[in-house]
Amino acid sequence: MQSLGTLEDLPQSYRDKLTDLNLVPLWPNMRAVLPHKVPSRKTQTLNWQFDALRPLLIEAGDLTPMEKAERRVLVLANPGHGLTNMQATPSIYMGLQLILPGETAPNHRHTPNAVRIIIEGEGATTIVDGEPCIMERGDLILTPSGKWHEHQHEGDGPIIWLDILDLPLIYQLEGSWAIEGKTQTNVLERDKSFAEYSAAGVVPELGFKRENTNSPMLRYPWSRTRACLIEMAQHYSDRPIRIAYVNPENGASLFPSIGFGAMMLRPNESLALPKRTTACVFHIVEGQGTLQVDSNDALKWTEKDTLSAPGYSEVTLSNTSATEPAFIITADEAPLHRYLGIF
């Protein structure tokens, strides 16, 4: 590998002239931005343990009323990217959001795409452009870019979910903004996962007009996903059990920036994931086990935990229960990598 000159090789007077004209020599920084073979990676392997975070989130409910928060969230920030940058991976933001009984997180819309993974609680609804999406544990609820959305909680006890947004990407593109709106009026009695998109491979017909949207289905019920994984495990005894969440109309990724999936690990099963360019996050819906990245020490996880792992790494997930399966929801930047041609 060629040895390049350093900044210190240049006379200070020359460096000062460059600075005055807002110029930077490339060659001393070449290996920082174009390293050989493997990129620089800031994403650290990390477990945000829910049992440790939940008391702080509940305390936030006591300390900050909704009218002073708009969205009461504790951000899961990966220290490799700097805590103030609020990144879990290069282009994924994650946060734990809390709503207390009787509260409403007010109506707004924004440019980043968002998914909610429900962790705890019952009786809440996310309304997206007038479509009410009930919120049950493990459900994925989409609030795509530009769609009005608000969260209402009429149940007992707190409701907590995991927000996953492409906020870091949209922010770096200088395209991140939000506007507030009035409380919505429901245009449907329930979300479309109950009827129009209630079965795989089945979409509305008989004169139904296809929606001009990339997200015709806004709620992906966990009960249906879990049942699918179990059925697959009974049918395929010798292969990994993984599914992808897709647009039911065209099979495309839910968002062009973030891909979502789910997997089931059989009792005592270990799965070495294909080595890929993209960092990945894992939310544990059920079960207990470990995450190992390369030859580093394995991290233990249990249900409701959320983990991150960098790209260009050997990632192994293991279910440490001898009797119960584990269920995991994943998110990564694969759609963006594919579009850019770097996947």
Side-chain angles (χ1 to χ4, degrees), residues 89 91-92 111-118 126 128-129 131 133 136 138-147 149 162-166 169-170 188 190-236 239-264 271 273-283 285 311 327-343:
T89 75
S91 63
I92 292 177
T111 46
N113 293 288
V115 156
R116 328 288 173 184
I117 300 175
I118 315 309
T126 291
V128 187
D129 275 0
E131 182 175 336
C133 301
E136 297 179 338
D139 289 357
L140 256 71
I141 297 176
L142 279 58
T143 56
S145 175
K147 285 188 177 289
H149 56 280
L162 176 68
D163 290 321
I164 301 181
L165 286 74
D166 56 8
L169 173 66
I170 304 303
L188 297 173
R190 56 186 185 178
D191 67 82
K192 294 176 184 173
S193 70
F194 283 99
E196 290 93 329
Y197 303 105
S198 60
V202 177
V203 296
E205 204 29 83
L206 293 176
F208 180 83
K209 183 179 179 181
R210 296 281 177 255
E211 292 193 35
N212 184 24
T213 174
N214 292 326
S215 304
M217 181 175 171
L218 296 173
R219 174 175 173 258
Y220 290 73
W222 173 249
S223 60
R224 204 170 296 159
T225 302
R226 189 184 191 279
C228 172
L229 292 168
I230 290 176
E231 192 72 24
M232 289 175 63
Q234 293 174 351
H235 187 65
Y236 299 106
R239 60 193 293 184
I241 305 302
R242 302 182 64 182
I243 59 95
Y245 289 97
V246 298
N247 181 323
E249 293 278 350
N250 57 23
S253 171
L254 299 185
F255 297 141
S257 50
I258 309 176
F260 294 88
M263 66 176 69
M264 170 183 161
L271 177 61
L273 301 181
K275 193 172 182 179
R276 304 187 305 167
T277 58
T278 173
C280 192
V281 296
F282 307 92
H283 177 70
V285 183
F327 296 91
I328 303 170
I329 294 176
T330 65
D332 62 28
E333 299 149 334
L336 181 60
H337 282 217
R338 287 191 175 98
Y339 177 78
L340 295 172
I342 63 171
F343 183 73

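Please read these numbers as outputs of a predicted model, since none were measured by experiment.
Without hydrogens or angle criteria, Arg224 side chain to Ser193 main chain gives a donor-acceptor distance under 3.5 Å. Side-chain atoms of Tyr220 come within 3.5 Å of backbone atoms of Val246 as a donor-acceptor pair (strictly under, hydrogens ignored). No donor-acceptor pair closer than 3.5 Å links the side chain of Ser215 to the backbone N or O of Met217. Side chain of Glu131 to main chain of Lys192: a donor-acceptor pair is present (N/O by atom type, distance under 3.5 Å, no hydrogens or angles). Side chain of Glu333 to main chain of Ser91: a donor-acceptor pair is present (N/O by atom type, distance under 3.5 Å, no hydrogens or angles).
Within a 6.0 Å radius of CZ in Phe194, other residues, nucleotides and ligands contribute more than 12 heavy atoms.
Atoms OH and CG, from Tyr197 and Asp191 in turn, are 12.0 Å apart once rounded to the nearest 0.5 Å. Considering CD1 of Ile92 and CG of Leu336, their distance stands at 9.5 Å, rounded to 0.5 Å. Atom CD1 in Ile117 sits 9.5 Å away from atom CH2 in Trp222 (nearest 0.5 Å). The distance from atom CZ of Arg219 to atom CZ of Arg190, rounded to the nearest 0.5 Å, is 10.5 Å. The line from CD1 of Ile118 to CD1 of Ile141 is 4.5 Å long, rounded to the nearest 0.5 Å. Atom CG of Asp139 is separated from atom CG of Leu218 by 12.5 Å, given to the nearest 0.5 angstrom.
Every side-chain contact (heavy atoms from CB on, under 4.5 Å) that Arg338 has, sequence neighbours left out, goes to Ala334, Phe343. With sequence neighbours excluded, no residue satisfies ring-ring contact (aromatic ring centres under 6.0 Å, His included) with Phe282.
Here the closest non-hydrogen pair linking Tyr236 and Ile241 is O-CD1, 3.9 Å. In this structure, Leu165 and Ala114 approach most closely via the heavy-atom pair CG-CB, 3.5 Å. Taking all atoms of both residues into account, the shortest heavy-atom contact from Leu169 to Ser257 is CD2-CB, 4.0 Å. Nearest heavy atoms, Asp332 versus Ala279: CB-O, 3.3 Å.
You'll find the side chain of Tyr245 stays beyond 4.5 Å of the side chain of Thr330, heavy atoms only. Side-chain contact between Arg226 and Val285 is absent, with no heavy-atom pair separated by less than 4.5 Å. Within the 4.5 Å cutoff, the side chain of Leu140 has heavy atoms near those of the Leu254 side chain. Annotation: side chain of His283 is not in contact with side chain of Ile164 (no heavy-atom distance under 4.5 Å).
Residue Leu142 forms a side-chain contact (heavy atoms from CB on, under 4.5 Å) with just one option from Asn113, Asn247, Val115, and that option is Val115.
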